[in-house]
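On a predicted model such as this, the values are computed, not experimentally measured, just so you know.
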Amino acid sequence: MSLSRLKAPSTKVAHPVPPEFEPIFITQGWRRAEYLFGKRAAKRWFTVLGPDRLRAARTAHRTAEQNKRRTIELRRKAGARN
C-alpha cells in the first residue's frame, strides 16, 4: 500500500459527558438515559464514567427507594390497625 492511500487521523472532538447524565442514570435508569441522550451517547458516557461505579450507585439508590416504600407501607398498616 502506498503512503498516499493512508487515512488522515480523525479530527473529531468527543463531546464531554453532560453533568445531568449521571444523576438521571442513577435515579431513572438505563432506558430513561437512552431516551434522553440517545443510545450511543448513553453507552459511551456509561463507559467513560465507569460501569461498575454507576451500577453500584444505581443499586444503592434502588435499595434505598425500596426501603423507603416498605417503611411507608408498614406505617400505613400500623396506622390502619389502631
Beyond-backbone contact of W30 with K43, side-chain heavy atoms, under 4.5 angstrom
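The answer is yes, as the side chains (C-beta and beyond) meet within the 4.5 Å cut-off.
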Just wondering, do R70 and E73 contact through their side chains at under 4.5 Å, heavy atoms?
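Of all side-chain heavy-atom pairs linking R70 with E73, none is under 4.5 Å.
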Once rounded to the nearest 0.5 Å, what's the spacing between atom [atom1] of [X] and atom [atom2] of [Y]?
| X | Y | atom1 | atom2 | answer |
| --- | --- | --- | --- | --- |
| R53 | R58 | CZ | CZ | 15.0 Å |
| E20 | L36 | CD | CG | 9.0 Å |
| W45 | H15 | CH2 | NE2 | 8.0 Å |
| T59 | I26 | OG1 | CD1 | 10.5 Å |
| E22 | T27 | CD | OG1 | 10.5 Å |

Would you call E34-R31 a salt bridge at under 4.0 Å N-O?
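R31 and E34: not salt-bridged.
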Can you check whether F25's main-chain N or O pairs, donor with acceptor, with R32's side chain at less than 3.5 Å?
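Pair absent, no side-chain N/O of R32 close to backbone of F25.
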How are the rings of F37 and F21 set relative to one another: parallel (under 30°), tilted (30 to 60°) or perpendicular (over 60°)?
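Plane angle over 60°, so perpendicular.
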